[in-house]
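For reference, the structure discussed in these notes is given below.
Everything quoted here is computed from the prediction, not taken from an experiment. By convention in this document, chain letters (A, B, ...) are assigned in the order of the sequence lines, proteins followed by strands, and residues within each chain are numbered from 1. Hydrogens, waters and symmetry mates are skipped; everything else that's a heavy atom, side chains included, is used.
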Protein chains: 2
Amino acid sequence: MANNLGLSIDRSSPVPLYHQVVQGIEAAIYSGVLEPGSRLDNEIDLAAQLNLSRPTMRKAMDELVRSGLLVRKRGVGTQVVSSQVRRPLELSSLYDDLTNNGKKPTTEVLSFSHLEADDPTLATLQLPAGSKVYHFTRLRKVGGKPLALMENWVRDDIAEMDEAMLGAEGLYSILRRGGVNFRLATQRIGAMTANDYQASMLDTPAGSALVTMERTAVDDTGRRVETGHHVYRADSYSVEMTLVQR
Amino acid sequence: MANNLGLSIDRSSPVPLYHQVVQGIEAAIYSGVLEPGSRLDNEIDLAAQLNLSRPTMRKAMDELVRSGLLVRKRGVGTQVVSSQVRRPLELSSLYDDLTNNGKKPTTEVLSFSHLEADDPTLATLQLPAGSKVYHFTRLRKVGGKPLALMENWVRDDIAEMDEAMLGAEGLYSILRRGGVNFRLATQRIGAMTANDYQASMLDTPAGSALVTMERTAVDDTGRRVETGHHVYRADSYSVEMTLVQR
DNA sequence: GCAAAACAATTGTGCTGACATTAAGACTTT
DNA sequence: AAAGTCTTAATGTCAGCACAATTGTTTTGC
């Protein structure tokens with residue numbers, strides 16, 4: 001069963017070979033060339049077809065297995081899992097998610113200040129006493145409808161920002177342009193009921209359900225860059241993720 | 001800086017070498033031998049110290065980077081990230097999580113039946129028309145306090161189960177003992193307010209906040225094994241996860 | 001005819017070697 | 001003294017090989 005998935009490898013490209021393979025197979029799965037449940041050729045043949053070594057091929061398949069798109073079984077082969085199983089949660093911001101889905105989010109900056117951090121913030125961001133941070137609250141709307149109320153604290157020695165920038169683009173894109181390379185984030189998701197302030201801002205009745213998220217992001221040098229406490233209208237937002245068994 | 005982390009490798013063990021290294025370094029981090037922020041020796045030296053090849057060492061470090069315990073930077077080295085950043089969410093059940101944390105959960109089976117699945121369930125579990133499934137609702141308490149109200153549908157051609165088993169142990173452990181090897185699951189987390197029934201079962205006021213979770217689990221042969229809709233008291237439950245940038 | 005044993009196919013683990021790329025520091029030059 | 005340049009050290013990528021472990025199939029033996 002030679003499943004000729006028409007992917008080609010560009011050896012002069014700066015993007016690593018295994019990553020090209022990942023992208024190629026992903027595209028084949030999402031476009032339907034590789035149907036859910038179908039078996040791939042074995043690693044050695046696939047590598048030969050693309051003129052790659054087996055380790056390179058394996059590294060590509062490793063990533064796809066990790067992300068839940070493929071399933072391998074020793075002695076048997078490799079299968080495409082059901083297409084309905086979506087991609088795992090990645091480190092992205094709400095703003096990115098929305099724009100990637102073709103929505104046009106708007107951001108209203110409700111407050112903005114540059115001040116000395118209080119003790120909990122110092123501890124969360126692991127800053128020395130007396131450090132200053134940016135503190136701001138934003139309201140995000142999609143299609144005119146309020147979706148999220150966000151409060152953030154950002155260390156100030158890493159990027160410049162002001163109210164106008166925050167109103168025009170997402171926090172993460174500002175930070176990335178300022179040279180921050182995000183590595184990981186921890187977040188906690190829970191629920192609460194809307195108080196009067198939240199209800200009025202989000203245009204929903206007091207007492208309605210909200211999704212809460214607390215997040216702290218770390219950059220590639222280990223610095224805690226940003227922490228935030230966000231609430232979302234539960235009728236318009238939920239978090240989807242794929243868990244992969246190790 | 002030779003950071004002598006006293007880990008030893010057992011070449012006669014059936015557990016893969018790279019996995020032994022992963023466990024060793026994890027243990028060193030959690031025990032404090034490797035302090036947050038400290039730099040590791042470079043890959044080649046580390047491999048030499050343990051009499052391993054560099055690819056094996058790298059594979060171990062890859063896993064630790066993926067799970068968010070280490071941070072690498074080309075040309076610089078590898079660092080231990082802050083210890084406060086916890087492990088990523090894994091594919092485990094609530095029951096497992098609780099018992100692992102020393103709690104003693106109890107389960108009350110509220111209803112149990114073995115019947116033909118309705119259309120949405122057939123679609124979710126990808127079963128042919130007329131298939132039968134187990135359907136049951138359970139109430140989980142910890143320390144006598146209700147925590148979760150759970151409704152599940154399980155395909156019946158994969159494991160036998162009855163009311164008594166569900167009252168005595170977790171669903172996932174029943175399925176695992178029945179030979180199911182879980183591979184991945186998709187879940188969606190959101191929020192809602194408690195209706196009268198939920199409120200009375202969970203011993204909380206009507207209208208209080210609940211965390212909702214919908215999950216569908218897939219086994220290693222690609223079959224949809226189980227799907228469920230759970231609600232948790234928001235004052236006792238939240239989901240924590242670590243997101244790693246790829 | 002059936003069960004056990006041998007075989008083939010496939011992924012899993014591990015090694016050696018080579019070169020590319022990036023980042024930081026040391027050095028030189030202006 | 002400041003700026004640019006070279007060197008060095010570390011991770012990133014890729015090739016090729018060998019053997020182990022597991023699973024499904026085929027053959028063999030009773």
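Take N152(B) and apply the side-chain contact (heavy atoms from CB on, under 4.5 Å) test, not counting sequence neighbours, and it matches F136(B), R138(B), M150(B), L171(B), E226(B), H230(B). Residues meeting the side chain to side chain donor-acceptor pair (under 3.5 Å) test with D10(A), sequence neighbours left out: S12(A). Residues passing the side chain to side chain donor-acceptor pair (under 3.5 Å) test with D162(A): none are found, sequence neighbours excluded. When the side-chain contact (heavy atoms from CB on, under 4.5 Å) test is applied to A159(A), the partners found at least two apart in sequence or on another chain are L175(A). S131(B) is linked by a side chain to side chain donor-acceptor pair (under 3.5 Å) to nothing, counting only residues two or more places apart in sequence or in another chain. Applying the side chain to side chain donor-acceptor pair (under 3.5 Å) criterion to S113(A), with sequence neighbours excluded, gives no partner residue.
Fit an axis to the five pairs at each end of the helix from dG1(C)-dC30(D) to dT30(C)-dA1(D) and the two axes sit 10° apart, to the nearest 10 degrees.
Following rounding to the nearest Å, R39(B) (CZ) and dA9(D) (P) show an atom-to-atom distance of 13 Å. As a whole-Å value, the separation of Q79(B) CD from dT11(D) C1' is 14 Å. Between the CD1 atom of I44(B) and the C1' atom of dT11(D) there is a distance of 9 Å, given to the nearest Å. Rounding to whole angstrom units, CG of residue N51(A) and P of dA15(D) are separated by 9 Å. In this structure, R54(B) atom CZ and dT13(D) atom P are separated by 11 Å, rounded to whole Å. Here the P atom of nucleotide dT23(D) and the CG atom of N42(A) are 18 Å apart, to the nearest Å.
Heavy atoms of other residues, nucleotides or ligands lying less than 6.0 angstrom from CD of E163(B) number more than 12. Within 6.0 Å of CD in Q23(A) there are more than 12 heavy atoms belonging to other residues, nucleotides or ligands.
For K59(A), no side-chain nitrogen or oxygen approaches OP1 or OP2 of dC14(D) to under 4.0 Å.
Of all the heavy atoms in V154(B) and M161(B), the pair that sits closest is CG1-CE, 4.1 Å.
The existence of a salt bridge linking E240(B) and R188(A) is confirmed by a sub-4.0 Å separation between a basic side-chain nitrogen and an acidic carboxylate oxygen.
If you check residues 10-20 of chain B against DNA chain D, you find no residue with a heavy atom closer than 4.0 Å. Contacts between residues 70-77 of chain A and DNA chain D, counted as heavy-atom distances below 4.0 Å, involve R74(A), G75(A), V76(A).
The salt bridge (charged side-chain N to carboxylate O under 4.0 Å, His left out) contacts involving residues 71-81 of chain B comprise D220(A)-K73(B), E43(B)-R72(B), D62(B)-R72(B), where partners must be two or more places apart or lie in separate chains. Listed by first and then second residue, the ring pair (Phe, Tyr, Trp, His ring centres under 6.0 Å) pairs that reach into residues 113-132 of chain A are H114(A)-Y134(A), sequence neighbours excluded.
Although no hydrogens or angles enter the test, the distance criterion places no donor-acceptor pair under 3.5 Å between the side chain of T227(B) and the main chain of W153(B).
When DNA chain C is scanned in the 5' to 3' direction for atoms under 4.0 Å from non-hydrogen atoms of chain A, the outermost contacting nucleotides are dA9(C) to dT13(C).
With the nearest nucleotide of DNA chain D identified for both S53(A) and E43(B), E43(B) has the one nearer the 5' end.
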